[in-house]
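Below: one structure, written as structure tokens.
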Amino acid sequence: MKKLWAATVISAFFLIVGVFNPSFAMDRELGVYLLAQQSQEKSAEADKDVDEDDEYDDEYDDEVVKINDPLIRLNRDFYLLNDGLYVVFFKPAAKVYNKIIPDEIRLSVKNFFYNLRFPIRFVNCLLQAKGTKAMEEFATFFLNTTVGFVGIQTPAAYYESLPPSPEDLGQTLAVWGLGNGFFIMYPILGPSTLRDSADFIDSYFLDPVNWLRYQRFGGYSWRTTVAITAYDKFNKLSFQIGDIDALKEAAFDPYIAVRDAYIEHRNKLIAE
Amino acid sequence: MKRNYIRPGVILLAILLLLPFQVYAAGAKATVETQINKILTTMKQPGFKDQSQDAQIDEIRKIINEVFDYQELSKRTLGRDWRKFTPEQQTEFIDLFSQVLENVYADRILAYTHEQIDFGKETELKKGRVEVESYIITLDNKKVPLFYRMTQKGDQWRVYDVVIEGVSMIKNYRGEFRDMLSKKKPEDLLQTLREKTKQKPAS
């Protein structure tokens, strides 16, 4: 019964993504972009003086990130809420946390959780048919778990041939041809898109923290797993205060800046 | 290379073939490297840390200004909206926008002082335009990619964009500005910039 329910949820998800994304917009845009690139290369040889305006117009204009954001008003509200929570609670709390807990321990915690989530990366490497990457992930996991003492140290980082590859289901779906759908700013959880929301499925099935709910692993309540995940996220945040503040400081419209940066960063991860 | 035995003539030919590219390639990457090293040595100087944050940023700003091409940067950020600005407005935009960027960039550079910076390869994007790769090695051994996009002005290479983790600075600002300019006039954008630069020294 439980399995049936899960299957329904997953198929419903794909259905929704499919409905909102009739023609896999991303691929089409990429195609158009590539075409535009080609024609540009041809015209690049043309005399610069003839079309002086285009000199600064060309490289990015056809590359303007078209982001589908029908929920922009709601998203903006949630951004304000998140930012408010950050300023009032998370940032001060993280500052205190940083003072009390030594860097080494915070780092160890971060590494431990990163290492623990190996199944997510590994399975998604396989789903994307990235064999080499999957092997590298496995080698990294093996090294860090054993030599690195359950992942708190990262000996694998010393090997150039073992680069970290943060693969997830959102990226897998993108590789399979799904577009972003539309942008979503989740309260507390932050920026995502319809497609990247598939990461919930990731965490549900592949995140070892979530396995604690099973009888075999102790049968803990969902409160426990949520608390552990929250702590992991908070610990991660404690490293990012400076970056978040810099981004806010640099932006004129932080919501747009965060949104565009999220999409661009994801595109880079997908391309890798 | 397993076989070391290659005739000298082939080597010479190879060198001759590579030479023009080498000369061409050295320019942009060397510019970035010199500049970064200059910043790092400045920051290591005794007494630098004793200065106030503003004085530190000021000194770094001077070095940055030597390599950043703010005119190119402003034009590219606004893209086709650039033409909506009158020449006076354009000049003011360049001036204000460069102030904003200087502060942001200098502040980030200061934040990453203790971390190591590696230089990667240089790729040509298009004629007269290259991307120089650099990586900030953070304390937890993570590589943060920081790419400089550069264009040739005369015999000098100047930076017109910085791409951090795949996120282009000018593209990001373009998104914001385009959004703003779709509803408001260039003058309003300038006003926002003026306010932004004014509030800065106080903080």
Side-chain angles (χ1 to χ4, degrees), chain A residues 37 40-41 44-45 48 53-67 69 72 103-104 106-108 110-111 114 153-158 160 163-164 239 242-243 245-247 249-272, chain B residues 71-83 97 100-101 103-105 107-112 125-129 137-145 147 149 151 160-161 163-180 189 192-193 195-196 199-200 203:
Chain A
Q37 274 278 31
Q40 255 177 42
E41 257 142 47
E45 297 297 318
K48 270 184 187 170
D53 285 335
D54 280 336
E55 205 192 330
Y56 47 87
D57 224 25
D58 52 2
E59 185 178 0
Y60 292 99
D61 248 354
D62 25 293
E63 217 186 321
V64 164
V65 207
K66 263 262 175 234
I67 297 165
D69 193 0
I72 185 158
D103 289 356
E104 292 79 18
R106 287 193 297 137
L107 199 57
S108 300
K110 191 178 157 197
N111 291 339
Y114 180 85
Q153 297 283 326
T154 53
Y158 293 103
E160 283 276 318
F239 287 94
D243 295 327
D245 286 351
L247 185 81
E249 175 85 2
F252 294 89
D253 184 342
Y255 169 75
I256 300 284
V258 167
R259 186 189 72 186
D260 292 4
Y262 174 80
I263 298 287
E264 254 202 275
H265 180 57
R266 290 294 294 179
N267 285 345
K268 178 187 168 257
L269 289 179
I270 291 161
E272 275 172 2
Chain B
Q71 188 176 347
E72 188 75 19
L73 211 150
S74 304
K75 275 182 177 180
R76 283 179 183 278
T77 303
L78 287 177
R80 63 169 80 102
D81 288 330
W82 179 250
R83 275 170 247 160
F97 192 43
V100 174
L101 294 178
N103 284 323
V104 173
Y105 188 75
D107 175 70
R108 284 293 80 196
I109 286 279
L110 275 178
Y112 289 125
L125 299 168
K126 237 173 135 182
K127 209 179 173 189
R129 234 186 272 154
I137 313 295
T138 61
L139 293 174
D140 49 331
N141 245 317
K142 252 176 67 185
K143 266 183 157 187
V144 181
F147 297 173
R149 296 200 164 159
T151 169
Y160 70 84
D161 192 10
V163 186
I164 307 167
E165 294 238 43
V167 181
S168 145
M169 187 175 70
I170 68 175
K171 236 204 264 181
N172 202 273
Y173 276 116
R174 169 176 296 173
E176 290 180 63
F177 288 157
R178 193 151 288 180
D179 190 64
M180 238 186 262
L189 177 63
T192 322
L193 277 163
E195 277 158 26
K196 187 115 190 155
Q199 76 190 24
K200 190 61 208 162
S203 69

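Everything numeric here is computed off the predicted structure, so don't read it as measured data. The sequence lines fix the lettering, A, B, ..., with proteins before strands; numbering per chain opens at 1. Note: hydrogens, waters and symmetry copies are ignored here, and every other heavy atom, side chains too, is used.
- The choice from B/Leu189, B/Asp179, B/Thr192 that makes the most heavy-atom pairs within less than 4.5 Å of chain A is B/Asp179.
- When all heavy atoms of B/Glu165 and A/His265 are compared, the pair lying nearest together is O-ND1, 3.1 Å.
- No side-chain donor-acceptor contact under 3.5 Å links B/Tyr173 to the backbone of A/Phe252.
- Residues B/Asp107 and A/Ala246 share a closest heavy-atom pair of OD2-CB, 4.3 Å.
- Interatomic distance, A/Leu247 CG to B/Asn172 CG, rounded to the nearest 0.5 Å: 7.0 Å.
- Checked against side chain to side chain contact (heavy atoms under 4.5 Å, CB included), A/Pro163 has the following partners two or more places apart in sequence or in another chain: A/Glu136.
- When atom types are taken as modelled, the side chain of B/Glu176 and the backbone of A/Ile256 share no donor-acceptor pair closer than 3.5 angstrom.
- Looking at B/Val167, both its backbone and its side chain come within 4.5 Å of chain A, counting heavy atoms on both sides.
- The contact between A/Ala251 and chain B is made by backbone and side chain atoms together, counting heavy-atom distances below 4.5 Å.
- Residue B/Ile164: no heavy atom, backbone or side chain, is found under 4.5 Å from chain A.
- Heavy-atom distances place no part of A/Asp103 under 4.5 Å from chain B, backbone and side chain included.
- Proximity to chain B is absent for every atom of A/Tyr262, based on heavy atoms less than 4.5 angstrom apart.
- For B/Phe177, the part lying near chain A is the side chain, with the backbone staying farther off; criterion is any non-hydrogen pair under 4.5 Å.
- Across A/Glu249 and B/Lys196, no two heavy atoms sit closer than the pair O-NZ, 2.7 Å.
- The part of B/Met180 that comes within reach of chain A is its side chain, from C-beta onward, which places non-hydrogen atoms under 4.5 angstrom from that chain.
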